[in-house]
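The block underneath contains the structure these notes are about, expressed in C-alpha coordinates.
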Amino acid sequence: MHKNSRIYVAGHRGMVGSAITRCLHNKGYHNVITRTSSELDLRNQAAVADFFAEEKPDYVFLAAAKVGGIWANNIYRADFLYDNLLIEANIIHSAYRHQVDKLLFLGSSCIYPKLAPQPLKEEYLLSGYLEPTNEPYAIAKIAGIKLCEAYRSQYGCNFISAMPTNLYGPNDNYDLQGSHVLPALIRKFHEAKIENQPFVEVWGTGSPRREFLHADDLADACVFLMETYNDEAFVNIGTGEDVTIRALAELVKETVGYEGELRWNTDKPDGTPRKLMDVSRLHQLGWQHRIELTEGIAATYQDFLRNQEAYV
Ligand code: GDP
(Lines give C-alpha, C1' and ligand atoms only; values in the text may rest on other atoms or scores of the structure.)
Protein backbone atom coordinates (compact mmCIF):
# COMPACT_ATOMS: atom_id res chain seq x y z
CA MET A 1 0.00 0.00 0.00
CA HIS A 2 1.48 3.35 -1.01
CA LYS A 3 0.90 6.64 0.77
CA ASN A 4 -1.13 7.87 -2.21
CA SER A 5 -3.06 4.63 -2.85
CA ARG A 6 -6.83 5.08 -3.11
CA ILE A 7 -8.14 3.46 0.07
CA TYR A 8 -11.86 2.98 0.65
CA VAL A 9 -12.92 2.56 4.28
CA ALA A 10 -16.48 1.20 4.30
CA GLY A 11 -18.21 2.11 7.57
CA HIS A 12 -15.97 5.09 8.42
CA ARG A 13 -18.47 6.56 10.87
CA GLY A 14 -18.60 3.45 13.04
CA MET A 15 -16.23 2.66 15.90
CA VAL A 16 -14.02 0.38 13.78
CA GLY A 17 -14.11 2.35 10.51
CA SER A 18 -13.41 5.65 12.25
CA ALA A 19 -10.45 4.10 14.08
CA ILE A 20 -9.06 2.69 10.80
CA THR A 21 -9.48 6.10 9.13
CA ARG A 22 -7.62 7.82 12.02
CA CYS A 23 -4.85 5.22 11.88
CA LEU A 24 -4.43 5.61 8.09
CA HIS A 25 -4.19 9.40 8.42
CA ASN A 26 -1.66 9.07 11.26
CA LYS A 27 0.49 6.81 9.08
CA GLY A 28 0.43 9.29 6.19
CA TYR A 29 -2.08 7.61 3.85
CA HIS A 30 -3.73 10.70 2.45
CA ASN A 31 -6.09 9.31 -0.16
CA VAL A 32 -8.83 7.80 1.98
CA ILE A 33 -12.26 7.53 0.36
CA THR A 34 -15.43 7.46 2.46
CA ARG A 35 -19.20 7.64 2.02
CA THR A 36 -21.85 8.04 4.69
CA SER A 37 -24.78 5.62 4.64
CA SER A 38 -27.07 8.34 3.33
CA GLU A 39 -24.67 8.99 0.43
CA LEU A 40 -24.26 5.28 -0.36
CA ASP A 41 -26.57 2.50 0.83
CA LEU A 42 -24.25 -0.49 0.86
CA ARG A 43 -27.24 -2.85 0.67
CA ASN A 44 -27.99 -1.50 -2.82
CA GLN A 45 -26.10 -3.59 -5.37
CA ALA A 46 -26.33 -1.08 -8.25
CA ALA A 47 -25.30 1.85 -6.05
CA VAL A 48 -22.24 -0.03 -4.76
CA ALA A 49 -21.25 -1.06 -8.30
CA ASP A 50 -21.54 2.56 -9.49
CA PHE A 51 -19.48 3.79 -6.56
CA PHE A 52 -16.64 1.34 -7.34
CA ALA A 53 -16.77 2.23 -11.06
CA GLU A 54 -16.49 5.92 -10.22
CA GLU A 55 -13.95 5.89 -7.38
CA LYS A 56 -11.82 2.87 -8.42
CA PRO A 57 -10.29 2.20 -5.00
CA ASP A 58 -7.00 0.25 -4.85
CA TYR A 59 -7.54 -1.00 -1.27
CA VAL A 60 -10.73 -1.67 0.68
CA PHE A 61 -11.27 -2.02 4.44
CA LEU A 62 -14.69 -3.65 4.84
CA ALA A 63 -15.66 -2.33 8.28
CA ALA A 64 -19.31 -1.58 7.46
CA ALA A 65 -21.83 -3.78 9.23
CA LYS A 66 -25.04 -3.75 11.18
CA VAL A 67 -23.78 -4.43 14.71
CA GLY A 68 -25.14 -4.54 18.23
CA GLY A 69 -25.07 -6.24 21.61
CA ILE A 70 -26.72 -9.39 22.82
CA TRP A 71 -30.25 -7.92 22.99
CA ALA A 72 -30.25 -6.29 19.53
CA ASN A 73 -28.70 -9.36 17.88
CA ASN A 74 -31.36 -11.59 19.37
CA ILE A 75 -34.33 -9.36 18.49
CA TYR A 76 -33.44 -7.97 15.06
CA ARG A 77 -32.44 -11.37 13.72
CA ALA A 78 -33.65 -10.79 10.17
CA ASP A 79 -32.00 -7.36 9.88
CA PHE A 80 -28.66 -8.61 11.21
CA LEU A 81 -28.61 -11.44 8.66
CA TYR A 82 -30.04 -9.61 5.63
CA ASP A 83 -28.19 -6.28 5.95
CA ASN A 84 -24.83 -7.88 6.64
CA LEU A 85 -25.10 -10.42 3.82
CA LEU A 86 -25.94 -7.68 1.33
CA ILE A 87 -23.20 -5.29 2.49
CA GLU A 88 -20.52 -8.00 2.25
CA ALA A 89 -21.72 -9.51 -1.02
CA ASN A 90 -22.04 -6.13 -2.75
CA ILE A 91 -18.63 -4.81 -1.66
CA ILE A 92 -16.69 -8.04 -2.19
CA HIS A 93 -18.21 -8.62 -5.64
CA SER A 94 -17.57 -5.02 -6.70
CA ALA A 95 -14.01 -5.23 -5.40
CA TYR A 96 -13.49 -8.24 -7.67
CA ARG A 97 -15.21 -6.63 -10.69
CA HIS A 98 -13.17 -3.44 -10.36
CA GLN A 99 -9.84 -5.18 -9.71
CA VAL A 100 -9.19 -3.86 -6.23
CA ASP A 101 -5.58 -4.77 -5.29
CA LYS A 102 -6.51 -5.97 -1.83
CA LEU A 103 -9.50 -6.12 0.50
CA LEU A 104 -9.63 -6.73 4.26
CA PHE A 105 -12.91 -8.11 5.60
CA LEU A 106 -13.69 -7.73 9.29
CA GLY A 107 -15.56 -10.54 11.01
CA SER A 108 -16.16 -11.23 14.68
CA SER A 109 -15.28 -13.72 17.41
CA CYS A 110 -18.94 -14.85 17.46
CA ILE A 111 -18.28 -16.91 14.30
CA TYR A 112 -16.87 -19.65 16.55
CA PRO A 113 -19.02 -22.47 17.94
CA LYS A 114 -20.59 -21.75 21.33
CA LEU A 115 -18.79 -24.62 23.02
CA ALA A 116 -15.50 -24.55 21.11
CA PRO A 117 -12.36 -25.19 23.19
CA GLN A 118 -10.73 -22.02 24.55
CA PRO A 119 -8.74 -20.11 23.51
CA LEU A 120 -10.42 -20.00 20.09
CA LYS A 121 -8.09 -21.07 17.29
CA GLU A 122 -8.85 -20.07 13.71
CA GLU A 123 -9.32 -23.73 12.71
CA TYR A 124 -12.34 -24.14 15.04
CA LEU A 125 -14.56 -22.33 12.51
CA LEU A 126 -17.58 -24.52 11.58
CA SER A 127 -16.71 -27.27 14.06
CA GLY A 128 -19.96 -27.01 16.09
CA TYR A 129 -23.22 -25.17 16.77
CA LEU A 130 -23.25 -21.39 17.15
CA GLU A 131 -24.45 -19.34 20.15
CA PRO A 132 -28.20 -18.87 19.42
CA THR A 133 -28.46 -15.19 20.53
CA ASN A 134 -26.19 -13.98 17.71
CA GLU A 135 -26.46 -16.80 15.20
CA PRO A 136 -27.82 -14.63 12.32
CA TYR A 137 -24.94 -12.13 12.66
CA ALA A 138 -22.41 -14.96 12.93
CA ILE A 139 -23.80 -16.71 9.83
CA ALA A 140 -23.47 -13.45 7.86
CA LYS A 141 -19.87 -12.98 9.07
CA ILE A 142 -19.02 -16.61 8.17
CA ALA A 143 -20.46 -15.92 4.70
CA GLY A 144 -18.10 -12.92 4.42
CA ILE A 145 -15.06 -15.08 5.23
CA LYS A 146 -16.20 -17.66 2.69
CA LEU A 147 -16.74 -14.98 0.02
CA CYS A 148 -13.15 -13.79 0.50
CA GLU A 149 -11.84 -17.37 0.28
CA ALA A 150 -13.98 -18.17 -2.77
CA TYR A 151 -13.03 -15.03 -4.75
CA ARG A 152 -9.40 -15.78 -3.93
CA SER A 153 -9.60 -19.38 -5.13
CA GLN A 154 -11.83 -18.81 -8.20
CA TYR A 155 -10.56 -15.40 -9.34
CA GLY A 156 -7.18 -14.95 -7.61
CA CYS A 157 -8.31 -11.91 -5.59
CA ASN A 158 -6.09 -10.87 -2.67
CA PHE A 159 -8.95 -10.72 -0.16
CA ILE A 160 -8.03 -11.35 3.49
CA SER A 161 -10.12 -11.59 6.66
CA ALA A 162 -9.54 -10.65 10.29
CA MET A 163 -11.65 -11.71 13.29
CA PRO A 164 -11.64 -9.14 16.08
CA THR A 165 -12.65 -9.93 19.63
CA ASN A 166 -15.12 -7.68 21.55
CA LEU A 167 -14.18 -4.06 20.89
CA TYR A 168 -14.59 -0.71 22.63
CA GLY A 169 -13.44 2.88 22.10
CA PRO A 170 -14.50 6.21 20.56
CA ASN A 171 -17.73 6.31 18.50
CA ASP A 172 -19.15 3.22 20.19
CA ASN A 173 -22.92 2.73 20.47
CA TYR A 174 -24.20 3.88 23.88
CA ASP A 175 -27.86 2.96 23.36
CA LEU A 176 -28.71 0.88 26.44
CA GLN A 177 -30.72 -1.73 24.59
CA GLY A 178 -28.67 -2.04 21.43
CA SER A 179 -25.13 -1.65 22.74
CA HIS A 180 -22.45 -4.07 23.88
CA VAL A 181 -21.62 -4.48 27.55
CA LEU A 182 -18.71 -2.05 27.96
CA PRO A 183 -20.37 1.14 26.62
CA ALA A 184 -23.60 0.14 28.41
CA LEU A 185 -21.74 -0.09 31.72
CA ILE A 186 -19.94 3.24 31.21
CA ARG A 187 -23.24 4.98 30.57
CA LYS A 188 -25.16 3.20 33.37
CA PHE A 189 -22.54 3.89 36.06
CA HIS A 190 -22.07 7.47 34.91
CA GLU A 191 -25.80 8.24 34.99
CA ALA A 192 -26.24 6.46 38.34
CA LYS A 193 -23.37 8.55 39.79
CA ILE A 194 -24.85 11.84 38.52
CA GLU A 195 -28.36 10.93 39.70
CA ASN A 196 -27.21 9.41 43.03
CA GLN A 197 -28.95 6.13 42.30
CA PRO A 198 -28.43 3.42 44.96
CA PHE A 199 -27.85 0.57 42.48
CA VAL A 200 -27.14 -0.24 38.84
CA GLU A 201 -28.77 -3.14 37.02
CA VAL A 202 -26.32 -5.39 35.23
CA TRP A 203 -27.43 -8.22 32.92
CA GLY A 204 -27.01 -11.95 33.39
CA THR A 205 -25.04 -13.68 36.14
CA GLY A 206 -21.71 -11.87 35.70
CA SER A 207 -19.90 -15.17 35.20
CA PRO A 208 -19.38 -15.13 31.40
CA ARG A 209 -15.87 -14.20 30.36
CA ARG A 210 -15.07 -11.76 27.58
CA GLU A 211 -11.92 -10.36 25.98
CA PHE A 212 -11.81 -6.63 25.11
CA LEU A 213 -9.64 -4.84 22.57
CA HIS A 214 -9.45 -1.07 22.09
CA ALA A 215 -10.58 0.06 18.61
CA ASP A 216 -7.28 1.93 18.05
CA ASP A 217 -5.36 -1.31 18.61
CA LEU A 218 -7.70 -3.11 16.23
CA ALA A 219 -7.19 -0.41 13.58
CA ASP A 220 -3.42 -0.67 13.95
CA ALA A 221 -3.65 -4.46 13.49
CA CYS A 222 -5.87 -4.05 10.39
CA VAL A 223 -3.44 -1.63 8.73
CA PHE A 224 -0.57 -3.96 9.69
CA LEU A 225 -2.33 -6.91 8.00
CA MET A 226 -3.17 -4.82 4.94
CA GLU A 227 0.50 -3.84 4.64
CA THR A 228 2.01 -7.26 5.29
CA TYR A 229 -0.36 -10.25 5.10
CA ASN A 230 -1.52 -11.98 1.89
CA ASP A 231 -2.72 -15.47 2.81
CA GLU A 232 -6.14 -17.09 2.61
CA ALA A 233 -6.25 -18.10 6.29
CA PHE A 234 -8.09 -15.52 8.40
CA VAL A 235 -6.41 -14.04 11.49
CA ASN A 236 -7.82 -13.54 15.01
CA ILE A 237 -7.24 -10.08 16.50
CA GLY A 238 -7.34 -9.74 20.28
CA THR A 239 -5.30 -9.42 23.42
CA GLY A 240 -5.36 -13.10 24.40
CA GLU A 241 -6.62 -12.11 27.89
CA ASP A 242 -10.18 -12.14 29.22
CA VAL A 243 -12.12 -11.07 32.34
CA THR A 244 -15.47 -12.03 33.87
CA ILE A 245 -18.36 -9.62 33.28
CA ARG A 246 -18.41 -9.17 37.07
CA ALA A 247 -14.76 -8.05 37.11
CA LEU A 248 -15.41 -5.78 34.13
CA ALA A 249 -18.37 -4.19 35.93
CA GLU A 250 -16.21 -3.55 39.02
CA LEU A 251 -13.50 -1.99 36.87
CA VAL A 252 -15.92 0.34 35.06
CA LYS A 253 -17.59 1.23 38.37
CA GLU A 254 -14.23 2.22 39.83
CA THR A 255 -13.17 4.17 36.73
CA VAL A 256 -16.40 6.15 36.74
CA GLY A 257 -16.26 6.65 40.52
CA TYR A 258 -19.72 5.24 41.29
CA GLU A 259 -20.21 4.12 44.86
CA GLY A 260 -23.55 2.27 44.81
CA GLU A 261 -24.38 -1.41 44.38
CA LEU A 262 -24.49 -3.82 41.42
CA ARG A 263 -27.72 -5.81 40.93
CA TRP A 264 -27.61 -8.76 38.55
CA ASN A 265 -30.72 -9.28 36.43
CA THR A 266 -30.66 -12.97 35.57
CA ASP A 267 -33.74 -12.64 33.36
CA LYS A 268 -31.34 -11.20 30.79
CA PRO A 269 -29.22 -13.69 28.79
CA ASP A 270 -25.60 -14.49 29.60
CA GLY A 271 -24.81 -15.42 26.01
CA THR A 272 -21.83 -17.59 25.25
CA PRO A 273 -19.89 -18.60 28.41
CA ARG A 274 -16.50 -17.57 27.08
CA LYS A 275 -14.87 -16.35 23.86
CA LEU A 276 -11.18 -15.87 24.31
CA MET A 277 -9.15 -15.57 21.11
CA ASP A 278 -6.01 -17.55 20.43
CA VAL A 279 -3.83 -14.79 19.01
CA SER A 280 -0.70 -16.83 18.31
CA ARG A 281 -1.04 -16.46 14.52
CA LEU A 282 -1.14 -12.65 14.88
CA HIS A 283 1.77 -12.65 17.37
CA GLN A 284 3.83 -14.82 14.99
CA LEU A 285 3.17 -12.29 12.23
CA GLY A 286 4.71 -9.66 14.55
CA TRP A 287 1.76 -7.69 15.98
CA GLN A 288 0.74 -7.28 19.64
CA HIS A 289 -1.84 -5.03 21.33
CA ARG A 290 -0.63 -1.96 23.24
CA ILE A 291 -3.64 -0.54 25.12
CA GLU A 292 -4.35 -2.41 28.37
CA LEU A 293 -7.95 -2.66 29.59
CA THR A 294 -7.69 -0.34 32.63
CA GLU A 295 -6.03 2.40 30.58
CA GLY A 296 -8.42 1.85 27.64
CA ILE A 297 -11.52 2.12 29.84
CA ALA A 298 -10.22 5.32 31.44
CA ALA A 299 -9.63 6.86 27.99
CA THR A 300 -13.03 5.67 26.76
CA TYR A 301 -14.77 7.20 29.77
CA GLN A 302 -13.04 10.54 29.06
CA ASP A 303 -14.16 10.28 25.42
CA PHE A 304 -17.72 9.54 26.61
CA LEU A 305 -17.65 12.64 28.85
CA ARG A 306 -16.46 14.82 25.95
CA ASN A 307 -19.00 13.49 23.43
CA GLN A 308 -21.93 12.60 25.63
CA GLU A 309 -24.35 14.76 23.70
CA ALA A 310 -23.58 13.01 20.44
CA TYR A 311 -23.57 9.55 22.05
CA VAL A 312 -26.75 9.45 24.13
P1 GDP B 1 -21.89 -10.73 23.57
O2 GDP B 1 -20.41 -10.69 23.79
O3 GDP B 1 -22.27 -11.02 22.15
O4 GDP B 1 -22.57 -11.66 24.53
O5 GDP B 1 -22.47 -9.27 23.77
P6 GDP B 1 -22.60 -8.17 24.94
O7 GDP B 1 -21.38 -7.31 24.97
O8 GDP B 1 -23.92 -7.48 24.67
O9 GDP B 1 -22.75 -8.94 26.31
C10 GDP B 1 -21.66 -9.55 26.97
C11 GDP B 1 -22.08 -10.00 28.36
O12 GDP B 1 -22.29 -8.86 29.20
C13 GDP B 1 -23.37 -10.82 28.42
O14 GDP B 1 -23.17 -11.87 29.36
C15 GDP B 1 -24.38 -9.81 28.95
O16 GDP B 1 -25.47 -10.43 29.62
C17 GDP B 1 -23.51 -9.01 29.92
N18 GDP B 1 -24.03 -7.69 30.30
C19 GDP B 1 -24.13 -7.21 31.58
N20 GDP B 1 -24.71 -6.01 31.60
C21 GDP B 1 -24.95 -5.67 30.31
C22 GDP B 1 -25.54 -4.52 29.71
O23 GDP B 1 -25.96 -3.56 30.36
N24 GDP B 1 -25.60 -4.53 28.34
C25 GDP B 1 -25.13 -5.57 27.59
N26 GDP B 1 -25.21 -5.50 26.25
N27 GDP B 1 -24.61 -6.69 28.14
C28 GDP B 1 -24.52 -6.74 29.48
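Both counts, for ligands and for their atoms, begin at 1 and track the order of listing. Keep in mind the model is a prediction, meaning the values are calculated, not measured.
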Could you check [atom] against the protein and tell me its nearest heavy-atom contact, residue, atom and distance included?
atom: atom 8 (O) of ligand 1; answer: Ile70 N, 2.9 Å
atom: atom 9 (O) of ligand 1; answer: Val181 CB, 4.0 Å
atom: atom 23 (O) of ligand 1; answer: Lys188 NZ, 2.7 Å
atom: atom 11 (C) of ligand 1; answer: Ile245 CD1, 3.6 Å
atom: atom 13 (C) of ligand 1; answer: Asp270 O, 3.3 Å
atom: atom 3 (O) of ligand 1; answer: Lys275 NZ, 3.5 Å
atom: atom 22 (C) of ligand 1; answer: Trp203 CD2, 3.6 Å

Under 4.0 Å from ligand 1, counting heavy atoms only, is it the side chain of [X], its backbone, both or neither?
X: Ser179; result: backbone
X: Arg210; result: side chain
X: Pro269; result: backbone
X: Asn166; result: side chain

Are [X] and [Y] linked by a side-chain donor-acceptor pair shorter than 3.5 Å?
X: Asn90; Y: Gln45; result: no
X: Asn236; Y: Tyr112; result: yes
X: Trp287; Y: Asp220; result: yes
X: His190; Y: Tyr301; result: yes

Checklist entry - Do Leu213 and Leu282 share a hydrophobic cluster, counting only Ile, Leu, Val, Met, Phe, Trp and Tyr and linking them when any side-chain heavy atoms are less than 4.5 Å apart? => result yes
Contacts under 3.5 angstrom, residues 166-173 side chains, donor-acceptor by atom type, not counting sequence neighbours:
residue : atom : partner : partner atom : Å
Asn171  : ND2  : Ser18   : OG           : 2.9
Asn173  : OD1  : Asp175  : N            : 2.8

Checklist entry - Given the rule in the salt bridge (Lys or Arg N to Asp or Glu O under 4.0 Å) test, do Lys146 and Glu149 qualify, once you have shown the distances and angles that lead to the verdict? => result CA-CA 5 Å; Lys146 293 296 165 189; Glu149 290 175 5; 3.0 Å; yes
Checklist entry - Do the non-hydrogen side-chain atoms of Lys275 and Glu211 ever get within less than 4.5 Å of each other? => result no
Those atoms of ligand 1 less than 4.0 Å from some heavy atom in [X]:
X: Ala184; answer: 22 (C), 23 (O), 24 (N)
X: Asn134; answer: 3 (O)
X: Gly69; answer: 8 (O)

Checklist entry - Can we call the ring centroids of Phe61 and His12 under 6.0 Å apart? => result no
